[in-house]
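Order of the sequence lines fixes the chain letters, A, B, ..., with proteins taken first and strands second; residue numbering starts at 1 for each chain. This is a predicted model, so every value here is computed, not measured.
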Number of protein chains: 2
Amino acid sequence: MERIAEGEYAVMEVLWEKAPLTAAEVADRVPADRGWTLATVKTMLSRLLAKGVLAHEQDGRRYLYRPAIRREDYVAEESGRMIDRMFAGRVTPLVAHLAARDRLTPEDIEEIEALLKALKS
Amino acid sequence: MERIAEGEYAVMEVLWEKAPLTAAEVADRVPADRGWTLATVKTMLSRLLAKGVLAHEQDGRRYLYRPAIRREDYVAEESGRMIDRMFAGRVTPLVAHLAARDRLTPEDIEEIEALLKALKS
DNA sequence: CGCGACCGACTACACATGTAGTCAATAAGG
DNA sequence: CCTTATTGACTACATGTGTAGTCGGTCGCG
């Protein structure tokens with residue numbers, strides 16, 4: 001699967017949230033703090049089309065864009081890549097790391113324990 | 001902290017493993033499948049120096065390079081960034097995702113449960 | 001039917017990154 | 001001492017990315 005750059009990812013998020021959308025609609029929904037003009041969003045859309053991670057259908061004179069890959073699949077690939085790189089492909093060190101870094105609240109711990117218990121049954 | 005590109009990261013790994021090292025020594029230790037020449041490694045080293053994530057000390061006519069940031073800190077930042085982006089900053093969905101994607105073996109589950117139990121006490 | 005708003009295509013440009021070559025200086029070895 | 005191997009500095013260049021402008025065509029409104 002093609003890599004999706006950080007900025008492009010913001011556009012994908014919009015379309016994973018709701019699709020199909022026109023370019024203008026996507027621009028409206030991109031987080032305001034990006035400060036992008038419509039032109040910038042259009043560039044992103046073309047590039048994502050070229051990468052094959054977006055699809056488009058003609059709607060009169062415009063395009064309607066929609067994701068061509070599932071968010072779930074992309075996230076799987078990307079998070080897997082990070083785990084391979086930084087945690088040698090092992091998940092436990094990642095969890096240990098998160099715990100040590102206080103990214104795990106007591107509630108998280110409860111939730112994860114429940115999740116794991118469910119997994120075992 | 002400055003971002004470290006994918007290729008540059010490979011150089012950092014070498015120096016986190018052992019430091020200080022000369023450029024030639026780093027080149028020797030970079031995973032062979034990168035297929036990098038010494039020149040390429042030197043470019044990486046300069047860029048990492050410029051980014052401030054490496055430090056160097058003079059050793060005669062050469063430099064000895066060593067990390068200026070801790071691997072732990074970098075990994076914390078990078079993994080945090082990913083969790084923020086893809087899992088809205090929540091850890092539980094990440095673990096759920098890993099579970100659903102079969103990245104969790106039964107042994108992982110055992111280990112993580114033990115880890116969490118230890119955390120609670 | 002004519003004009004203005006809007007659309008995608010194309011162009012632009014700076015900076016990052018992967019990948020490597022050149023070169024002047026110098027240390028080391030004979 | 002003189003040659004040679006080595007070193008960091010600098011240069012090079014293609015591709016990716018962030019950010020945006022221009023332009024020819026066309027749809028809708030009056």
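- Using a 4.0 Å cut-off, some side-chain N or O of A:T40 falls inside it from OP1 or OP2 of D:dA20.
- Rounded to an integer number of Å, the gap from CG of A:L48 to C1' of C:dG8 is 15 Å.
- Checking D:dA20, C:dA27, C:dA20 against every side-chain atom of B:R61, the shortest atom distance belongs to C:dA27.
- Distances were taken from every side-chain heavy atom of B:R47 (C-beta onward) to each of C:dC6, D:dT19, C:dG18; the shortest belongs to C:dG18.
- Going from atom CZ of B:R3 over to atom P of D:dT17 covers 13 Å, rounded to whole Å.
- The distance from atom NE2 of B:H56 to atom C1' of D:dA9 is 12 Å, rounded to the nearest whole Å.
- Regarding A:K42, its NZ atom lies at a distance of 19 Å from the P atom of D:dG18, rounded to whole Å.
- In terms of polar N and O atoms assigned as donor or acceptor, the side chain of B:T37 never comes within less than 3.5 Å of the base of C:dA20 in a complementary pairing.
- When side chains are defined from C-beta on, A:R34 does not count as touching A:V41, because their heavy atoms never get closer than 4.5 Å.
- Between B:V11 and B:W36, some side-chain heavy-atom pair lies under the 4.5 Å cut-off.
- For A:A23, the side-chain atoms get nearest to C:dG8 when compared with the rest of C:dG8, C:dT17, C:dA27.
- Residues A:L119 and A:V91 fall within the same hydrophobic cluster, defined by Ile, Leu, Val, Met, Phe, Trp and Tyr side chains chained together at heavy-atom separations under 4.5 Å.
- Residue side chain A:R62 does not reach the base of C:dC6 through any donor-acceptor N/O pair under 3.5 Å, judged by distance alone.
- Taking atom CD of B:E8 as the reference point, atom P of C:dT19 lies 11 Å away to the nearest angstrom.
- Counting any heavy atom pair closer than 4.0 Å across all strands shown, B:G60 reaches no nucleic acid atom.
- Of the candidate nucleotides D:dT19, D:dT7, C:dT19, D:dT19 has the atom nearest to the side chain of A:M44.
- Using a 4.5 Å heavy-atom threshold, the side chains of A:L64 and A:L21 count as separate.
- Among the atoms of the strands shown, base atoms are found under 4.0 Å from some heavy atom of A:T43.
- In this structure, the CD atom of A:E25 is 13 Å from the C1' atom of C:dC6, given to the nearest Å.
- The distance between atom CG of B:L49 and atom P of D:dC10, rounded to the nearest whole Å, is 13 Å.
- Across the interface with DNA chain D, nearest-nucleotide mapping of B:S46 and A:R34 shows B:S46 to be the residue nearer the 5′ end.
- The salt bridge (Lys or Arg N to Asp or Glu O under 4.0 Å) test with A:E78 singles out one residue from A:R85, A:R3, A:R71, and that residue is A:R3.
- Taking atom CG of residue B:L38 and atom P of nucleotide C:dG21, one finds them 11 Å apart after rounding to whole Å.
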